[in-house]
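Both backbone and side-chain heavy atoms feed into the values below; hydrogens, waters and symmetry mates do not. As the structure is a prediction and not an experimental result, all values here were calculated from the model. Below, read A as the first sequence line, B as the second, and so on, with proteins coming before strands; counting in each chain starts at 1.
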Amino acid sequence: MSQVRIPAALIALAGLGLLFFLLPLAGLIVRAPWDQAVAGITAPETVTALGLSLFCSVAATGIALVLGIPLAVVLSRNTGNLRGVMRALTTLPMVLPPVVGGVALLLAFGRRGLVGSLLDQAFGIQIPFTTAAAVMAETFVAMPFLVIAVEGGLRSLDPRYEEAARALGAKGWMVFARVTLPLLRPAIFSGAVLCWARALGEFGATITFAGNFPGRTQTVPIAVYVALETRPDSAIVLSLILLAVSVAILVGMRDRWLGAL
Amino acid sequence: MLLVVAVPLAACSPSLNGCSWQGNCTEPRDTTIFAAASLFPAFTNIGSQFQANEVKARGRVVTRLRFIGAGTQMLTAQIQQGAHADVFASADTAHMATLEDAGMLSGPARTFAHNKLEIAVAKGNPKHVQTLADLSRAGLVVVLADPSVPAGKYAQQALSKARVTVRPASLELQVTSVLSKIALGEADAGIVYVSDVTSNAKVSGVTIPDEQNVIADYPIAILKSATNTTAAQAFVDLVLSPDGQAILKAAGFQGA
């Protein structure tokens with residue numbers, strides 16, 4: 001097979017594009033206060049933000065798994081207009097500016113919100129400014145990534161496996177748990193990792209819905225934003241940590257979807 | 001989060017205003033003003049006045065004012081990182097001094113207004129907040145500005161003067177976010193500027209006595225990087241003029 005020649009102009013533009021991605025990363029790495037990096041990572045405020053970010057992003061991914069896989073199943077089995085509407089609703093948070101998502105969450109789950117006011121009156125539960133709010137904001141923004149990945153997996157699934165299971169007498173739930181889920185494992189895994197990474201980086205919806213308080217709602221991205229002014233060195237160190245996590249994800253998943261992407 | 005407002009222009013149509021390629025261009029020139037979030041309502045009005053003056057004197061709009069409003073700390077960081085601005089109006093002297101020390105001002109900064117703190121509560125004060133000490137009451141959702149924001153720094157000073165310890169629900173990144181959380185009903189009380197309460201119809205203010213209060217000084221300066229120094233100077237002059245001072249007072253500020 002002969003190699004198709006790529007026009008030089010395309011190569012030049014591609015190089016520019018690559019450089020555009022590369023330079024900010026280089027900036028972070030070059031300007032990083034490496035001598036203070038260890039002190040920066042172990043500083044109490046950094047540890048607090050990291051711990052909270054880890055907790056919130058894992059919790060958000062957990063919720064996304066519990067709600068997102070069934071949602072993907074329903075989406076993949078439905079046809080027609082309803083599916084289109086549901087699919088649009090599910091993917092909306094991916095294209096919605098996160099700050100708008102945060103405002104929407106406030107208007108739904110805030111003290112005066114549609115659901116929030118009922119929660120407040122009935123149980124005295126107030127969601128905004130709590131860690132739960134940070135988890136909800138991250139789930140709202142990140143879950144679509146999981147749903148899309150799992151739905152894609154479901155649609156490329158060979159239906160004969162499920163048919164065979166049913167022919168052998170397995171009931172709906174049994175087929176799902178013993179046949180569908182195991183076959184979906186790669187899609188669920190890559191969807192969960194993408195979802196987790198998106199949750200880890202969430203800023204706009206979190207700051208709007210959950211506010212900013214160290215140890216409660218100040219996740220790493222918000223800590224970076226706050227520190228940029230007062231402690232620029234720790235902002236860079238925190239950014240480096242997020243960068244390292246992102247690179248680790250890419251490297252770790254290279255066999256699963258980097259090659260196929 | 002930034003608020004950007006270009007003052008609406010009267011009768012400005014690119015095809016009709018004679019902007020030719022030879023350069024005899026009558027297209028309005030941009031002048032960028034970085035202003036502390038708390039100044040936004042007052043500066044928008046001063047901008048309208050500026051435009052009206054220009055139309056009166058020159059017969060048309062010569063300058064297009066672009067206001068960028070955000071927390072003073074964020075604006076300072078942006079200017080330090082090379083963001084273009086002609087004029088900077090800060091909510092404290094510390095951040096202005098940072099830029100002065102960095103040699104980024106074209107001349108000395110001038111104080112053009114003062115602001116005091118006030119407790120902001122929902123309209124009508126349903127939770128009956130009377131003093132700073134009430135902010136430590138259990139069950140009251142209090143939101144402050146982050147200590148890196150001038151309003152947050154001042155709030156801390158006022159609270160320590162009053163010997164009150166507050167457990168805030170959130171430390172917002174600009175004073176206007178404190179205000180919006182109260183206006184939305186998500187927080188019961190917060191510490192903001194008197195001018196913030198004046199400019200927001202959805203909140204009420206509870207006065208903080210002078211002995212506990214903090215006076216915020218607002219300095220304004222033209223930056224060395226300014227590209228439209230004439231218009232920048234004209235804007236600063238207007239802010240300091242009786243007209244500008246009247247607008248600031250109407251917005252809840254104290255004059256220079």
When A:V226, A:T217, A:L107 are compared by non-hydrogen pairs under 4.5 Å with chain B, the top option: A:V226
Sidechain-backbone polar pair: A:N212 side chain, B:E172 backbone, donor-acceptor under 3.5 Å: no
A:R111 side chain vs B:L184 backbone, donor-acceptor pair below 3.5 Å: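 Between the backbone of B:L184 and the side chain of A:R111 there is no qualifying donor-acceptor contact (under 3.5 Å).
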Take atom [atom1] of [X] as the centre, draw a 6.0 Å sphere, and report whether it contains more than 12 heavy atoms from other residues, nucleotides or ligands.
X: B:K202; atom1: NZ; answer: no
X: A:R216; atom1: CZ; answer: yes
X: A:R31; atom1: CZ; answer: no

Between B:P147, B:A77, B:A169, the one whose heavy-atom pairs under 4.5 Å with chain A are most numerous: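 It is B:A169.
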Structural part of B:V143 lying under 4.5 Å from a heavy atom of chain A: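 Side chain of B:V143 only, per the 4.5 Å heavy-atom cut-off to chain A.
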Interchain contact, B:P168 with chain A, by part (heavy-atom threshold 4.5 Å): both
Residue pair B:E186 / A:F129: nearest heavy atoms and the distance that separates them: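 In terms of heavy atoms, the two residues are closest at O-CE1, 3.5 Å.
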Residue pair B:S170 / A:I207, side-chain heavy-atom distance below 4.5 Å: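 When only atoms from C-beta onward are counted, A:I207 and B:S170 do not touch, as no gap falls below 4.5 Å.
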Worked verdict on B:K181 versus A:L106 for side-chain contact (heavy atoms from CB on, under 4.5 Å): CA-CA 10 Å; B:K181 292 279 157 45; A:L106 266 183; 4.2 Å; yes
